[in-house]
Amino acid sequence: MEKSCSLLIHFDKGTPALANEIKEALEGSDVPAKVDAMKKAVMLLLNGETLPQLFITIIRYVLPSEDHTIQKLLLLYLEIIEKTDSKGRVLPEMILICQNLRNNLQHPNEYIRGVTLRFLCRLNEVDIIEPLIPSIMSNLEHRHPYVRRNAILAVMAVYKLPQGEQLLADAPEKIENVLTTEQDLSAKRNAFLMLFQCAQERAINYLLTHVDRVSDWGDLLQMVVLDLVRKVCRTNKGEKGKYIKIIISLLNAPSAAVVYECAGTLVSLSSAPTAIRAAANTYCQLLQSQSDNNVKLIVLDRLNELKSSHREIMVDMIMDVLRALSSPNLDIRRKTLDIVLELITPRNINEVVLTLKKEVMKTQSGELEKNGEYRQMLIQAIHSCAVKFPEVASTVVHLLMDFLGDNNVASAIDVVVFVREIIETNPKLRVSIVTRLLDTFYQIRAARVCSCALWIIGEYCISLSEVESGIATIKQCLGDLPFYSASEEGEANDSSKKSQPINSTTVSSRRPAVLADGTYATQSAASETAFSPPTVVQGSLTAGNLRSLLLTGDFFLGAVVACTLTKLILRLEEVQPSKVEVNKATTNALLIIVSMIQLGQSSALPHPIDNDSYDRMVLCVRLLCNTGNEVRKIWLNSCHESFIKMLSDKQMRETEEIKAKAQISHSQPDDLIDFYHLKSRRGMSQLELEEAVQDDLKRATGEFVKDETDANKLNRVLQLTGFSDPVYAEAYVTVHHYDIVLDVTVINRTKETLQNLCLELATMGDLKLVERPQNYTLAPESSKQIKANIKVSSTETGVIFGNIVYETSNVFDRMVVVLNDIHIDIMDYISPAVCSDAAFRTMWAEFEWENKVAVNTVIQDEKDFLDHIIKSTNMKCLTALSALEGECGFLAANLYAKSVFGEDALVNVSIEKQADSKLSGYIRIRSKTQGIALSLGDKITLKQKGGS
């Protein structure tokens with residue numbers, strides 16, 4: 001067994017102190033040098049050195065010292081050194097320290113007494129402790145509380161030893177007398193703790209005798225009382241009612257720690273509505289009264305757990321939870337909004353939205369540097385509310401549209417996406433939204449927001465006035481044409497030569513030039529020396545946002561402008577009776593589109609127009625010149641239908657996620673049900689009656705049955721040894737967040753008794769053994785359950801290996817059985833999760849670790865391969881099913897998962913079907929940490945072949 005130690009000190013082994021130097025310093029009379037030498041000796045011992053030559057020196061020169069620091073270091077030294085031989089007997093020289101310890105326990109200085117008593121709490125050798133028992137007991141009546149409280153702890157530690165009850169048979173009775181007369185809060189707490197751990201019945205009797213005074217006890221004692229109540233209620237559920245009354249009385253305690261523990265104890269012991277409501281109220285009060293952000297986050301986690309199990313009660317607390325938005329911390333605000341959004345109902349939606357609107361208006365002040373991020377969170381929250389309850393959209397949409405020109409681009413994108421969805425789901429708001437959008441369009445500064453706003457204008461401007469306003473708004477924001485021109489000098493030469501006759505020498509040297517009004521003129525070679533390269537025309541001060549974005553080379557936006565103008569012209573043909581007006585509008589639209597194409601092909605910008613945008617603009621020109629009914633139907637109807645389908649798919653995914661989160665409970669047909677109405681109610685409080693009802697409901701609905709199915713359990717059983725080995729072992733592996741528990745079953749298959757059987761384990765990777773299993777004696781053909789706890793610190797794949805060592809009476813050598821390796825899979829740490837497309841793209845851009853895996857599989861269907869990857873990696877596909885439909889030979893999808901450590905795992909699958917029906921492409925994994933990217937890549941490489 002490993003030695004227990006209460007002292008952890010960093011020590012640099014690069015410059016170890018020599019034992020001779022330490023010995024010389026200890027033998028000297030210089031106190032600071034002695035202190036330094038003792039510290040070095042303790043550090044060396046902690047790092048594995050034995051230093052046997054120092055013991056006598058310390059006994060002779062350090063033991064008599066009166067210096068308190070030296071005495072404290074001496075006790076640390078005595079705690080660390082080996083005090084027994086290989087057979088477990090106390091070393092003879094340890095008798096030398098007994099007299100010193102007795103003297104310390106009778107020392108006139110209370111500090112020396114106290115630290116010595118504290119040292120005895122960590123001593124396990126009965127032979128050393130036994131002579132000191134009278135001195136320990138005498139300190140229970142010392143005048144100083146520091147000595148008394150440590151004496152009580154020493155009595156408790158001695159009583160817990162294997163022979164402790166023989167050494168201190170009357171300890172519980174004496175400690176109970178001390179508890180009755182003690183006035184010091186800390187000493188009283190230690191006395192009650194001793195009774196709680198060593199004589200529980202006495203602690204319960206004392207608690208029930210003084211039940212009316214519990215609220216007056218100090219916070220230290222109240223915390224121990226709560227521990228006792230939890231333990232008693234779990235072992236004896238029949239008496240839960242009277243103890244819950246004690247907990248409720250402590251909810252008004254002045255200590256925040258006691259109140260928090262009370263609320264947690266209530267939730268763990270009772271599911272009665274009264275108890276849950278009291279706990280929720282307590283958490284909400286802590287949320288307001290505590291200024292520490294970490295405390296607020298912990299309390300919000302508890303409220304989130306309550307929301308999952310007792311949603312009906314938490315719905316009534318929604319406004320209390322919303323008060324946490326007053327904190328300036330973004331994590332607190334985000335967690336608060338996440339909780340609130342799952343508690344909204346038709347009854348409270350108006351209050352919630354009103355509060356969120358007020359918070360949005362507060363963000364306009366600009367006092368806080370993270371107002372933009374907070375506003376974005378509020379907009380997303382309002383969006384969710386409006387989607388669930390469309391009737392509230394009218395109260396918020398116009399307020400949010402003021403933020404279309406927000407400097408925070410992400411916030412503005414959220415607003416325009418919200419507007420796009422609301423205008424479709426709320427037909428009554430269409431006219432007012434379109435009017436407001438046209439009025440505020442000039443304020444938009446982000447290209448992505450402009451693109452979405454232009455799409456809304458093109459789809460939802462239906463009436464004649466709306467269509468004409470839409471076209472006029474776009475023209476105004478584009479400014480005057482053209483977008484670029486030659487120098488003024490070149491234009492002047494052009495205009496002066498217009499009136500001159502054309503002769504044979506100048507015809508071949510003339511070339512066209514674009515004037516400021518968009519018309520063409522000729523330019524002779526004579527003016528070529530004065531002609532400079534074309535430059536962009538920034539336009540007048542009234543020129544709008546679209547022009548400035550176009551002149552930066554954003555031709556994707558130019559393509560969106562062209563498509564929007566085309567849609568508006570096509571709709572104008574339907575609603576405008578005057579053909580002249582239609583032709584005029586068509587001509588202007590063609591002029592704008594052609595000017596954008598010319599700008600892209602000119603040398604005025606550093607980068608020419610991209611092929612996709614060029615093709616789309618040319619398509620718009622062709623459509624405006626020659627429109628057929630089929631094309632009109634595609635542009636005016638099919639795009640809208642696709643958008644409706646996208647919204648329905650999104651709603652379907654959200655519904656499926658809600659169903660997946662819902663807890664499904666099943667009860668067995670032979671489960672016992674206690675009929676509440678047939679029970680005797682005599683002497684039961686209202687809380688106990690509610691508790692009985694809730695227990696019956698849980699039992700009837702099967703909520704108590706939450707264990708894994710037998711099939712899932714069998715999947716986690718791993719065989720560690722062979723069937724022919726003398727010792728058979730198998731392990732049931734349980735992974736729970738940061739802990740791995742190995743429940744190992746060891747079976748002795750021989751006819752002999754196995755002695756000192758030990759399960760020795762070691763780990764590779766970010767795994768750490770918490771404790772080493774002890775030695776056991778195994779009778780012939782008997783079995784033993786051995787548990788081993790392992791801590792996990794990251795999602796890297798780890799390996800657990802080891803062996804079973806044992807001795808028999810016939811063989812003197814130790815026998816060893818090597819165990820199979822246990823591979824801890826990354827799949828145990830990650831679970832499918834959901835995030836928005838915008839959040840996925842943001843994380844994809846930010847994460848620095850990428851693992852690129854080439855596709856190598858015998859699977860020939862793209863969708864089958866994607867399903868196989870999703871199943872193998874335990875991830876969620878964020879790409880909508882509608883986007884994966886069709887047979888085009890290409891497939892691209894985004895997958896997302898979250899680890900128990902809060903890490904995000906992003907995967908992009910891009911595959912193509914080759915001519916020989918084989919799949920090729922890449923699977924790219926991105927994460928913030930290296931471990932999850934590498935482990936997930938290894939898993940995909942191993943699993944992607946599928947059928948092979």
Side-chain angles (χ1 to χ4, degrees), residues 420 446-459 461 470-471 474-475 477-479 481-484 512 514 518 520 534 536 545-573 585-643 645-646 841 879 882-892 910 912-913 921:
R420 185 181 67 180
R448 288 180 62 190
V449 181
C450 275
S451 300
C452 193
L454 285 168
W455 186 89
I456 295 171
I457 291 171
E459 285 294 332
C461 286
I471 296 173
I474 293 172
K475 285 180 65 178
C477 291
L478 285 170
L481 299 179
F483 295 110
Y484 78 99
V514 182
Y520 287 88
V536 295
N545 47 357
L546 290 181
R547 187 185 190 92
S548 59
L549 290 169
L550 269 177
L551 295 182
T552 60
D554 191 343
F555 287 103
F556 175 78
L557 178 62
V560 175
V561 171
C563 294
T564 304
L565 285 172
T566 304
K567 285 183 183 178
L568 291 174
I569 297 299
L570 293 177
R571 193 160 280 121
L572 186 65
E573 292 175 2
T586 305
T587 305
N588 288 330
L590 284 168
L591 182 59
I592 291 170
I593 298 171
V594 170
S595 298
M596 289 190 293
I597 294 174
Q598 284 184 334
L599 174 66
Q601 292 177 332
S602 73
S603 58
L605 296 177
H607 302 291
I609 186 171
D610 59 282
N611 292 333
D612 290 340
S613 300
Y614 175 79
D615 292 342
R616 198 149 180 77
M617 289 184 193
V618 171
L619 176 63
C620 292
V621 172
R622 288 175 179 168
L623 286 175
L624 292 174
C625 294
N626 185 14
T627 308
N629 289 332
E630 289 299 322
V631 174
R632 185 187 301 275
K633 183 179 178 183
I634 291 172
W635 279 70
L636 297 183
N637 298 332
S638 298
C639 294
H640 193 212
E641 290 169 2
S642 298
F643 179 61
K645 188 178 180 184
M646 186 189 83
R841 284 194 295 270
T879 307
S882 57
L884 301 174
E885 291 176 354
E887 299 291 337
C888 64
F890 296 91
L891 186 145
S910 299
E912 177 187 0
K913 198 166 190 177

Fill in: Closest heavy-atom pair and its distance - Cys461, Leu568
CB-CD2, 3.9 Å
Worksheet, complete the sentence: Rounding to 0.5 Å, atoms SG (Cys563) and CG (Leu454) come to a distance of 10.0 Å
Practice prompt. Taking all heavy atoms of Leu546 and all of Cys450, pick out the closest pair and write down the distance.
Written response: CD2-SG, 4.1 Å
Worksheet item: For Ala585 and Leu572, which heavy atoms make the closest approach, and how far apart are they?
Response: CB-CD2, 3.6 Å
Fill in: side chain to side chain contact (heavy atoms under 4.5 Å, CB included) partners for Asn637, two or more places apart
Lys633, Glu641
Discussion item. Going by the rule side chain to side chain contact (heavy atoms under 4.5 Å, CB included), which residues pair with Ser451 if we only count those two or more places apart in sequence or in a different chain?
Written reply: Phe556, Leu557, Val560
Discussion item. Going by the rule ring-ring contact (aromatic ring centres under 6.0 Å, His included), which residues pair with Phe643 if we only count those two or more places apart in sequence or in a different chain?
Written reply: Trp455
Worksheet item: What residues form a side chain to side chain contact (heavy atoms under 4.5 Å, CB included) with Ala453, not counting sequence neighbours?
Response: Val416, Leu437, Phe441, Ile444
Response to the item:
For Ala447 and Leu549, the nearest pair of non-hydrogen atoms, with its separation, is CA-CD1, 4.0 Å
Worksheet item: Tell me, which pairs form a salt bridge (Lys or Arg N to Asp or Glu O under 4.0 Å) where one or both residues lie in residues 548-570, sequence neighbours left out?
Response: Glu459-Lys567
Worksheet entry | Atom pair CG/CG of Leu565 and Leu591 - distance to nearest 0.5 Å | 11.0 Å
Discussion item. Between Leu570 and Leu623, is the side chain to side chain contact (heavy atoms under 4.5 Å, CB included) condition met? List the steps.
Written reply: CA-CA 9 Å; Leu570 293 177; Leu623 286 175; 5.6 Å; no
Fill in: Distance (rounded to the nearest 0.5 Å) between Ile609 CD1 and Met596 CE
8.0 Å
Which atom pairs, one a donor and one an acceptor, fall under 3.5 Å between side chains of residues 613-621 and the rest of the protein, sequence neighbours left out?
{"unit_1": "Ser613", "atom_1": "OG", "unit_2": "Phe555", "atom_2": "O", "d": "3.2"}
{"unit_1": "Ser613", "atom_1": "OG", "unit_2": "Asp610", "atom_2": "OD1", "d": "2.9"}
{"unit_1": "Ser613", "atom_1": "OG", "unit_2": "Asp610", "atom_2": "OD2", "d": "2.9"}

Response to the item:
Taken in chain and number order and not counting sequence neighbours, the residues that satisfy side-chain hydrogen bond (donor to acceptor under 3.5 Å, both in side chains) with Ser910 are Asn908
Fill in: Evaluation steps, side chain to side chain contact (heavy atoms under 4.5 Å, CB included), between Leu599 and Leu551
CA-CA 8 Å; Leu599 174 66; Leu551 295 182; 3.9 Å; yes
Fill in: Ile592: which of Thr587, Ile597, Leu478 passes side-chain contact (heavy atoms from CB on, under 4.5 Å)
Leu478
Worksheet item: Closest heavy-atom contact between Gly458 and Arg571?
Response: O-NH1, 2.8 Å
